[in-house]
Peer 1: 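I am attaching a structure below and will ask some questions about it afterwards.
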Amino acid sequence: MSGNQSTKRLWRDVRVFDGHDTLPEPMAVIVEGERIARLVPMRKFDASRATDCEEMARGGVMTPGLVDCHTHLVFGGSRADEFESRLEGVSYEEIARQGGGILSTVRATREASEEALFDAALSRLQALMNDGVTTVEIKSGYGLTVEDELKMLRVARRLGDALPVRVVTTLLGAHALPPEFKNDSDGYIDLVCHEMIPAAAAQGLADAVDVFCEKIAFSVAQCERVFEAAEAHGLPIKAHVEQLSNLGGTAMAARHGALSADHIEYLDEAGVAALHEAGSVAVLLPGAFHTLGETKQPPIATLREAGVPMALATDANPGSSPLFMPTLMLNLGCVLFRLTPREALAGMTAHGARALGRPELGRIQEGAPADLCLWNIDTAAELAYAVQPGRLRQRIFNGRLEGGISHEH
């Protein structure tokens, strides 16, 4: 190695949460270049053998960089007026009849230029980064035409190029039925399968394909067609399933080797067993549960007993989860879903990375990418216990300490 790649950096006397659990004693962490080189218990650490290291900090809690594995960060417009209307007693159905709901976001997103979408998403992504995120998934799904879906994916790729963060993109063409196909959902699925997925794959814009399998969206059979098209183009799959009812979409997605099944409030034991057998991740989204005032909780105890990995994400979006604070999700996951703080943090590190098909991320182990966060706290559980901005002392991305995040682009 030469130049910047050979730079060694040292963190001393830190409590390390490695992505699954807190290590039993304070550690020294040495990063060389873009990788974690050594983890040494402080009682065995010989400072005289680390004179070639630049000391970065002492004390605090170190975690992997947070992984937000389910977001809808790129969108036009706002739904604050609908939020206000609902609280003034207007029903969701009436809002939809007035042209609100997801289709209002579709209109605003179609009307917005790529530059406008980029600028709007930039501050949302910076909020996630300022709260510890180093890897984020960004879905399309508010364009619902081939060109507008590709536009959203291009913006997501640009965000990853502009900021020190890993962006994973997901094509969610089968998110809602656009007005042009009001009475022809099968015709729209044809468009997704035969035009949208091939175009996104050909242009290298999508890392995965997602669907919304629900009575108000698309049927299990229609979503399976989308998965088959994704598979034909070598793209892994994910699924919004069992959020509002139990259609059996999770089991179908698991049969196709889905990376994850997301929301899953209405998941049954057969669906849990299917996830376990497939090795798929259950992604929990307490932000949407909170915002929508839901009461049906996902089957946490059954997932835990079956050994299904549980990820946690913001679901950041304009309608059902306008929440852009990942550590808040740690708290909500514990308070609303009764996760332990350890489970919640694993859900936003190692399991979140696995839900994106990137198991090398979200871990603190020798040889892993050096995406790290150093927090001004005494125990890892404090990240879930308190909702308190400003605890992030250092954010390390690809081995580099990231200071103030630039607003220039």
Side-chain angles (χ1 to χ4, degrees), residues 70-114 116-121 123-124 127 138-149 151-152 155-156 170-185 187-189 191-192 196 210-219 222-223 240-245 247 262-263 265-266 285-296 313-325:
H70 183 131
T71 84
H72 306 253
L73 284 182
V74 176
F75 59 85
S78 167
R79 305 258 284 278
D81 55 342
E82 295 178 22
F83 176 76
E84 188 172 24
S85 294
R86 285 202 305 273
L87 292 173
E88 290 174 348
V90 182
S91 71
Y92 187 84
E93 289 75 16
E94 180 59 28
I95 289 170
R97 278 198 298 271
Q98 295 170 359
I102 187 174
L103 292 183
S104 69
T105 300
V106 171
R107 284 194 302 275
T109 302
R110 288 179 176 183
E111 291 168 1
S113 67
E114 284 192 32
L117 290 173
F118 177 88
D119 288 342
S123 62
R124 301 171 194 137
I138 301 177
K139 303 179 191 295
S140 64
Y142 296 122
L144 309 185
T145 68
V146 174
E147 188 46 53
D148 287 306
E149 289 292 296
K151 176 176 72 172
M152 293 183 68
V155 170
T170 298
L171 173 64
L172 179 56
H175 190 198
L177 192 63
E180 300 86 352
F181 288 85
K182 186 175 182 181
N183 298 308
D184 186 13
S185 59
Y188 180 64
I189 292 297
L191 178 76
V192 172
M196 201 176 282
D210 199 347
V211 297
F212 186 18
C213 184
E214 193 55 72
K215 292 176 182 176
I216 63 171
F218 299 100
S219 70
Q222 289 170 330
C223 291
H240 291 61
V241 280
E242 270 70 72
Q243 180 184 7
L244 305 172
S245 62
L247 298 185
D262 302 34
H263 286 291
E265 281 89 338
Y266 285 80
L285 303 171
F289 183 93
H290 162 74
T291 301
L292 295 175
E294 297 289 351
T295 57
K296 174 70 172 172
T314 63
D315 192 18
N317 75 73
S320 61
S321 189
L323 305 173
F324 304 90
M325 187 179 182

Peer 1: Which residue pairs pass the salt bridge (Lys or Arg N to Asp or Glu O under 4.0 Å) test when at least one of the two sits in residues 174-184, sequence neighbours left out?
Peer 2: Arg110-Glu180
Peer 1: Show your working on side chain to side chain contact (heavy atoms under 4.5 Å, CB included) between Val241 and Leu247 and close with a plain yes or no.
Peer 2: CA-CA 8 Å; Val241 280; Leu247 298 185; over 6 Å; no
Peer 1: State the CG-CZ distance between Leu244 and Phe212, to the nearest 0.5 angstrom.
Peer 2: 5.5 Å
Peer 1: Could I get the full list of side chain to side chain contact (heavy atoms under 4.5 Å, CB included) partners for Ala108, not counting sequence neighbours?
Peer 2: none
Peer 1: Between Asp262 and His240, is the side chain to side chain donor-acceptor pair (under 3.5 Å) condition met? List the steps.
Peer 2: CA-CA 5 Å; Asp262 302 34; His240 291 61; 5.9 Å; no
Peer 1: What residues form a side chain to side chain donor-acceptor pair (under 3.5 Å) with Glu214, not counting sequence neighbours?
Peer 2: Ser245
Peer 1: In a check of side chain to side chain donor-acceptor pair (under 3.5 Å) between Asp210 and each of His70, Lys139, His175, which one passes?
Peer 2: Lys139
Peer 1: Taking side chain to side chain contact (heavy atoms under 4.5 Å, CB included) as the test, write out the residues that go with Ala316, two or more places apart.
Peer 2: Thr71, Leu73, Thr314, Phe324
Peer 1: Would you say Glu94's side chain and Ser91's backbone share a donor-acceptor pair under 3.5 angstrom?
Peer 2: no
Peer 1: Calculate, to the nearest 0.5 Å, the distance between atoms CE and OG1 belonging to Met152 and Thr170 respectively.
Peer 2: 11.0 Å
Peer 1: Taking all non-hydrogen atoms of both residues, which atom of Arg79 and which atom of Ser104 are closest, and how far apart?
Peer 2: CD-OG, 3.3 Å
Peer 1: Calculate, to the nearest 0.5 Å, the distance between atoms CD and CG belonging to Glu149 and Leu171 respectively.
Peer 2: 6.0 Å
Peer 1: Mind running side chain to side chain contact (heavy atoms under 4.5 Å, CB included) on Ile138 and His72 for me, showing each step along the way?
Peer 2: CA-CA 5 Å; Ile138 301 177; His72 306 253; over 6 Å; no
Peer 1: Once rounded to the nearest 0.5 Å, what's the spacing between atom CG of Asp81 and atom CZ of Arg86?
Peer 2: 10.0 Å
Peer 1: Would you say Glu114's side chain and Lys151's backbone share a donor-acceptor pair under 3.5 angstrom?
Peer 2: no
Peer 1: Between CG of Leu323 and NE2 of His290, what distance do you get to the nearest 0.5 Å?
Peer 2: 6.0 Å
Peer 1: With no hydrogens and no angle check, is any side-chain donor or acceptor of His263 less than 3.5 Å from a backbone partner on Gln243?
Peer 2: no
Peer 1: Partners of Tyr188 by side chain to side chain contact (heavy atoms under 4.5 Å, CB included), sequence neighbours excluded?
Peer 2: Leu144, Leu177, Pro178, Phe181, Leu191, Val192, Met196, Phe218
Peer 1: Locate the shortest heavy-atom distance separating Ser185 from Gln222; write the atom from each residue and the value.
Peer 2: OG-NE2, 3.0 Å
Peer 1: Among residues at least two apart in sequence or on other chains, which ones pass side chain to side chain donor-acceptor pair (under 3.5 Å) with Ser78?
Peer 2: none
Peer 1: Indicate the atoms forming the closest heavy-atom contact of Ala313 with Pro286, along with that distance.
Peer 2: O-CD, 4.1 Å
Peer 1: Answer yes or no: is there a donor N or O on one side and an acceptor on the other, between the side chain of Thr291 and the main chain of Ser320, under 3.5 Å?
Peer 2: yes
Peer 1: Within this structure, what is the OH-CG distance for the pair Tyr142 and Asp148, rounded to the nearest 0.5 Å?
Peer 2: 14.5 Å
Peer 1: Determine whether a donor-acceptor pair (N or O, by modelled atom type, separation under 3.5 Å) exists between the side chain of Ser321 and the backbone of Asn317.
Peer 2: no
Peer 1: Using every non-hydrogen atom in the two residues, find where Glu82 and Gly101 come nearest and quote the distance to one decimal.
Peer 2: OE2-N, 2.9 Å
